[in-house]
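Have a look at the structure below, then the notes.
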Amino acid sequence: MPDSSHLPPPSSLADLPFAHVLPHTAAISAAGRLSIGGCDVRDLAERFGTPLYVFDEADFRATCREFRQAFESRWPKVTVAYAAKAFLCRRLARIIADEGLGMDVVSGGELAAARAGGMPAANLYFHGNNKLPAELREALAGPGIGRVMVDNFYELETLEAIAAEAGVRQPILLRVSPNVDPHTHAKTTTGVLDSKFGFAIATGDAERAVKLGMEAKHLDLRGLHVHLGSPIFEVEPYEEANAVMCGFAAQMGDTHGFEFKEYSPGGGFALAYNREQHAPPIAAYAERFVSTLRKGLEDHRLPEPALHIEPGRALVGRSMVAVYTVGARKEIPGLRTFVSVDGGMADNIRPAIYGSKYEAIAVDRPLAAPEETITLAGKYCESGDILIKDAVVPRFQPGELVGLPASGAYNLAMSSNYNMATRPPVVAVRDGQARLMVRRETIDDLMARDVL
Ligand SMILES: *Cc1c(COP(=O)(O)O)cnc(C)c1O
């Protein structure tokens with residue numbers, strides 16, 4: 001039995017040890033069940049089926065505003081750009097545009113969805129370590145996008161040629177690798193020397209890139225970008241990166257006349273997934289970030305560059321709850337009990353690849369006391385298809401609904417058709433209204449690409 005068994009039973013959602021990972025509008029419905037955005041989650045599951053991703057639009061919009069407020073109140077010129085790779089559909093792009101944020105894209109597909117959702121081209125920023133020539137052409141066509149974050153020498157050369165061909169002068173930032181370790185998962189660490197991303201300062205590549213970028217006739221080198229990795233629960237790595245980047249910018253100014261007009265410290269802001277994790281408030285990140293940046297700039301007598309902040313996970317993660325239906329149970333006496341649900345690694349591969357730990361909430365009886373420790377397993381043919389190892393939960397019955405909070409970022413974005421799974425729908429809820437944002441994939445969809 002869990003240690004918490006001696007505690008009084010929770011009387012509201014706020015008493016749950018993982019209340020802080022639930023979306024802002026989570027509440028108890030008139031029927032005593034979990035509700036999100038004023039919608040009873042069981043009603044949603046009956047209407048749309050499970051697995052189901054419920055998107056709390058008010059939560060998402062509030063987080064967009066919190067990010068903008070935190071940085072815009074502390075720095076004269078800031079763009080907050082949502083990193084679309086965390087999750088993207090056209091309606092989300094529309095909401096982002098509506099909230100006045102920009103958007104980072106990393107592929108032609110994301111670029112197309114962002115444009116189709118109504119994102120103004122000027123607010124789009126293109127990242128990636130191997131952008132294809134066709135993708136770069138697409139980015140510069142029509143109204144060209146705001147910035148291309150150039151990652152390597154091949155891209156510098158290709159982009160210069162494509163910009164010349166298009167007859168434009170494309171604004172760019174250079175992605176620099178400052179060799180700062182953010183102390184996160186090795187698979188999501190990007191700003192160290194041994195990384196496929198960016199021009200390393202340590203090898204002299206970053207300096208050569210600055211020189212080439214300044215010389216390129218059809219490129220307008222506006223500044224520097226770093227992205228350390230994700231999720232970063234500490235503020236110190238950003239502070240360290242600021243010091244390195246200010247030093248580098250100053251040196252490039254002295255030796256090459258480089259002007260540090262824009263600076264992007266990337267994303268990676270933490271998101272709490274479970275009761276043990278607590279992310280610093282966004283305002284706290286912003287405060288420490290801005291003060292160390294000011295100091296770095298003053299130390300090197302540099303003017304204040306425009307800032308470009310790129311949260312993905314911390315913007316959308318908490319806004320979605322994944323909802324599954326409980327099925328089979330397998331007990332191995334003295335060892336482990338598996339409770340399986342109707343989704344798993346095809347819609348959420350994060351526990352399998354990053355060892356991420358989620359919480360489970362009993363949708364039909366959210367305040368039920370925990371009764372046992374189980375492993376919540378997916379339905380796919382892989383022993384590693386586990387959603388939560390050692391979850392302390394009520395005794396789930398077949399047919400019961402279980403919700404996994406903090407499922408908005410990199411779940412559906414990394415989803416697959418493994419076992420020919422059909423990918424789940426996303427339903428946006430707001431003020432008691434539910435609206436399909438992405439429909440469930442069908443068997444016909446699966447067959448559509450299969451040429452007989
Ligand atoms: C992935 C990525 C982000 C967003 O990271 P999060 O952890 O989702 O905040 C921002 N910038 C760049 C360059 C990225 O690759």
Side-chain angles (χ1 to χ4, degrees), residues 1-46 48 50-63 66 270-279 281-282 314-326 339 341 348 356-374 376 387-388 390-397 400-409 411 426-434:
M1 283 303 288
D3 293 335
S4 58
S5 57
H6 61 281
L7 295 173
S11 59
S12 77
L13 287 183
D15 293 339
L16 295 175
F18 54 89
H20 65 291
V21 307
L22 293 170
H24 286 91
T25 70
I28 308 263
S29 71
R33 300 186 293 238
L34 178 66
S35 83
I36 303 172
C39 296
D40 181 289
V41 173
R42 173 158 283 279
D43 292 347
L44 295 174
E46 282 169 8
F48 298 101
T50 60
L52 171 68
Y53 278 68
V54 180
F55 172 74
D56 183 343
E57 187 175 330
D59 180 279
F60 182 70
R61 286 183 183 269
T63 313
E66 196 183 344
L271 168 74
Y273 288 91
N274 58 56
R275 65 191 71 194
E276 276 138 38
Q277 294 178 326
H278 294 273
I282 297 159
L315 249 179
V316 76
R318 189 175 169 180
S319 303
M320 281 199 224
V321 175
V323 181
Y324 303 98
T325 300
V326 171
V339 172
V341 297
N348 183 3
S356 312
K357 183 127 203 261
Y358 289 81
E359 296 285 351
I361 183 164
V363 167
D364 302 308
R365 44 187 180 129
L367 303 181
E371 293 167 292
E372 58 176 359
T373 300
I374 57 139
L376 196 73
L387 284 171
I388 313 175
D390 301 331
V392 182
V393 291
R395 193 180 161 108
F396 289 131
Q397 301 301 318
E400 184 167 356
L401 297 175
V402 49
L404 268 61
S407 288
N411 286 39
V426 182
V427 170
V429 290
R430 187 184 180 185
D431 301 331
Q433 301 291 315

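Nothing here was measured: the structure is a model prediction, and the numbers come from that model. Residue numbers start at 1 and run along the sequence shown.
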Val316 vs Phe60 side-chain heavy atoms within contact, under 4.5 Å = yes

key: Nearest-0.5 Å distance that lies between atom CG in Leu404 and atom CE in Met320   = 14.0 Å

inquiry  = If I take atom CD1 from residue Ile388 and atom OG from residue Ser356, how far apart are they, to the nearest 0.5 angstrom?
reply    = 11.5 Å

note = Nearest heavy-atom contact between Ala434 and Phe48 is CB-CE1, 4.2 Å

query = With a 4.5 Å limit on heavy-atom distance, are the side chains of Ile36 and Leu44 in contact?
reply = no

ask   = With a 4.5 Å limit on heavy-atom distance, are the side chains of Gln277 and Lys357 in contact?
value = no

key: Nearest heavy atoms of Val363 and Pro366, plus distance in Å   = O-CD, 3.7 Å

task = State, to 0.1 Å, how close Glu400 and Ala362 come at their nearest heavy-atom pair, and which atoms those are.
result = OE2-CB, 3.9 Å

key: Flag side-chain contact, heavy atom, 4.5 Å: Tyr358 against Asn348   = yes

ask   = Between Asp56 and Val54, is any pair of side-chain heavy atoms under 4.5 Å apart?
value = no

ask   = So how far is it from Phe55 CZ to Arg430 CZ, rounded to the nearest 0.5 Å?
value = 10.0 Å

message = Is there a side-chain contact between Leu376 and Val393 in this structure, where contact means two heavy atoms from C-beta onward sitting under 4.5 Å apart?
response = no

key: Student check: side-chain heavy atoms of Asp364 and Leu34 closer than 4.5 Å   = no

message = Can you give me the closest heavy-atom contact between Val41 and Leu401, atom names plus distance?
response = O-CD1, 4.4 Å

key: Over all atoms of both residues, closest heavy-atom pair of Arg395 and Arg365   = O-NH2, 2.8 Å

inquiry  = Has Glu359 got a side-chain atom pairing as donor or acceptor with Arg275's backbone, closer than 3.5 angstrom?
reply    = yes

inquiry  = Can you confirm whether more than 12 heavy atoms, excluding those of Glu46, are under 6.0 Å from its CD atom?
reply    = yes

message = Just verifying a value: how many Å separate Asp59 CG and Thr25 OG1, rounded to the nearest 0.5 Å?
response = 7.0 Å

task = For the pair Glu57 (side chain) and Ala428 (backbone), establish whether a donor and an acceptor sit closer than 3.5 Å, ignoring hydrogens and angles.
result = no

request  = Assess whether side-chain contact (heavy atoms from CB on, under 4.5 Å) is satisfied between Arg33 and Asp43, documenting all intermediate values.
outcome  = CA-CA 10 Å; Arg33 300 186 293 238; Asp43 292 347; 3.6 Å; yes

ask   = Just wondering, do Tyr324 and Leu387 contact through their side chains at under 4.5 Å, heavy atoms?
value = yes

ask   = What pair of heavy atoms forms the shortest contact from His20 to Ala272, and how long is it?
value = CD2-CB, 3.8 Å

task = Drop me the distance from Leu271's CG to Leu315's CG, to the nearest 0.5 angstrom.
result = 10.5 Å

